[in-house]
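Just so you know, ligand 1 is whichever comes first in the structure, and atom 1 is the first atom listed for that ligand.
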Amino acid sequence: MKDLAKRVWLVTLAALLIFIVYETIKTILFPNLSVISSHVITVIVVAVMTFFVSRYALGRYSLAHDEIQRQISITEDSNRLLAGVLATMREAVIIVDSRMRVALFNDAAARVFRMPLVEGGGPVAQSGGKDSSDSRKRSDNPVAPVSFSLPESNREYRLTDVTRDPAINAAFSRVLANKNPAELKVEMADRNQRSFQLHIAPLGKDLAVGVLFDITQLEKLERVRREFFANLSHELRTPLTAMLACSETLISGAADDPANRMRFLETLHKHAKRMSELISDISDLSAIESGQVELSLKPVRLRAAVAEVLVLVESRLTDSGLSFSVSIPDSIVVQADRTRLEQILYNLIENAVKFNRHGGSVKVSAEESDGQVCVIVEDTGVGIPASDLPRVFERLYRGDKSRSRKTAGTGLGLAIVKHLVHAHGGELSVSSELGHGSRFRFSIPVGAQAAEQTG
Ligand code: ADP
């Protein structure tokens with residue numbers, strides 16, 4: 001500004017000097033010039049000079065104007081970019097000012113804290129798209145050149161309006177006061193019981209930015225992992241303890257007693273077999289989970305695959321007095337790995353037999369729609385408690401009843417089935433009524449040949 005005033009003075013002085021020189025030269029060169037002619041010449045000279053000076057000034061002004069426009073468009077572009085990034089971020093972002101007012105929040109934060117979103121994708125997206133006068137108005141904001149705040153149409157939020165959690169409020173005021181980042185775990189007491197890791201960092205002179213990472217899924221996986229190892233050691237310890245006891249009894253004399261020897265050896269064999277099944281299921285599951293199992297997908301006639309499995313469970317069906325019915329049109333062909341499809345069917349049918357009541361029934365049916373075949377295995381057995389339903393597909397999960405009834409099984413069957421169904425591009429689900437039976441349903445793509453015929 002000072003520089004500009006100096007320039008104005010200099011230009012005025014220069015104009016005065018030029019005018020004095022001009023008058024002097026004119027008087028020397030044309031001493032007898034009439035007043036009118038002198039004025040006419042002066043007007044012409046002034047007009048010519050004004051023309052050149054204005055042209056020069058306008059040129060400079062237009063350059064400056066172009067530069068300002070360029071800067072404004074860069075700022076607008078970065079605002080739009082930042083707004084887009086913030087709006088599409090999965091992490092919730094919230095910026096709080098020194099008076100604990102919410103200066104900015106993105107769509108994810110609006111969802112987490114249940115703040116109303118304004119039209120056009122939320123406050124961030126709107127302020128990002130606003131005109132340049134808006135950004136200029138806020139040029140004193142320390143987050144310049146990109147600065148947002150809630151649009152005028154939106155009401156002003158204080159952090160205490162947004163969250164009642166005293167820990168979050170205290171952490172933001174600490175960061176604003178000390179200018180040191182903070183980190184804390186936050187539990188949202190909503191229907192979904194979500195957990196977040198909140199990172200707060202100072203931003204500029206008097207703002208603090210908080211980013212919330214949703215760790216609900218991570219915590220769930222961690223719980224499943226912990227339970228898996230707890231269950232695994234339990235599942236291994238039981239047969240091992242029995243095997244140790246049997247072998248010790250045999251060593252301490254029972255081996256010489258022909259009547260007892262056979263009994264202990266059979267028990268030993270039974271538990272060794274169970275351990276071997278468990279280990280083979282675990283390695284099978286981990287191979288499927290890590291994608292090491294290659295599926296050889298071919299058109300398979302579903303009815304034939306079910307018939308193959310039926311042979312394996314036939315004796316147990318008779319022992320338990322169960323009736324078995326199949327309702328699968330002969331024309332249904334699925335695109336599957338035959339061995340793995342039979343493994344899926346075997347696990348589901350075996351469970352339907354194992355968890356049934358004496359004299360009950362097992363039914364396998366299938367129907368085709370929209371390029372998928374939906375297979376249903378239902379039984380009239382013990383059923384699964386509603387609280388256990390979401391967990392039946394977890395590794396080593398065994399319902400309490402089945403554990404106490406000592407049914408044979410590793411608790412890995414359904415986890416294997418789930419992964420195999422997913423590997424075939426299908427979905428697996430279960431519904432059950434305690435005491436009345438269960439219904440397992442999985443989908444699998446229609447076989448290539450069948451699709452060609454129907455298409
Ligand atoms: P396993 O059968 O070896 O115990 P699964 O993974 O196949 O392991 O099944 C896990 C648990 O789910 C079973 O222990 C049982 O509690 C429950 N379950 C599975 N299928 C049925 C069924 N058809 N009826 C009742 N409960 C079932």
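Interatomic distance, NE2 of His422 versus CG of Leu428, reported as 6.5 Å (0.5 Å rounding). Remark: Glu219 CD to Arg226 CZ distance equals 8.5 Å, nearest 0.5 Å. The distance from the CG atom of Leu389 to the OG atom of Ser438 is 7.5 Å, given to the nearest 0.5 Å.
Residue contacts with ligand 1 include Gly383, since one or more of its heavy atoms lies under 4.0 Å from the ligand. At least one heavy atom of Lys354 sits closer than 4.0 Å to an atom of ligand 1. Close to ligand 1: Phe440, with a non-hydrogen atom less than 4.0 angstrom away. Distances shorter than 4.0 angstrom do not occur between any heavy atom of Asn347 and any atom of ligand 1.
Among Gly411, Pro385, Ser432, the residue whose heavy atom lies nearest to atom 8 (O) of ligand 1 is Gly411.
Ligand-side atoms of ligand 1 in range of Tyr397: 10 (C), 11 (C), range being under 4.0 angstrom from any heavy atom. Within ligand 1, the atoms closer than 4.0 Å to a non-hydrogen atom of Leu412 are 6 (O), 8 (O), numbered from 1 in the order shown. The contact set between ligand 1 and Ser438, taken as ligand atoms under 4.0 Å from a residue heavy atom, comprises 22 (C), 24 (N), 25 (C).
In this structure the side chain of His269 reaches within 4.5 angstrom of the side chain of Lys273, judged on heavy atoms.
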Go through the steps to decide whether Arg70 and Glu67 satisfy the test salt bridge (Lys or Arg N to Asp or Glu O under 4.0 Å), and finish with yes or no.
CA-CA 5 Å; Arg70 202 175 66 85; Glu67 180 57 22; 3.2 Å; yes
Derivation and outcome, salt bridge (Lys or Arg N to Asp or Glu O under 4.0 Å), residues Glu433 and Arg439:
CA-CA 9 Å; Glu433 203 182 329; Arg439 198 169 208 259; over 6 Å; no
Start with the C-alpha distance between Glu222 and Arg225, add both sets of side-chain angles, then the distance that settles salt bridge (Lys or Arg N to Asp or Glu O under 4.0 Å), and finish with yes or no.
CA-CA 5 Å; Glu222 182 55 25; Arg225 195 188 63 84; 3.0 Å; yes
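Checking only distances, Phe355 never comes within under 3.5 Å of ligand 1, N or O to N or O. The N/O atoms of Val382, backbone and side chain alike, include none that comes under 3.5 Å of an N/O atom in ligand 1.
Between the side chains of Asp165 and Thr163, not a single donor N or O lies within less than 3.5 Å of an accepting N or O.
With a 4.0 Å heavy-atom cut-off, ligand 1 is reached by the side chain of Ile384 but not by its N, CA, C or O.
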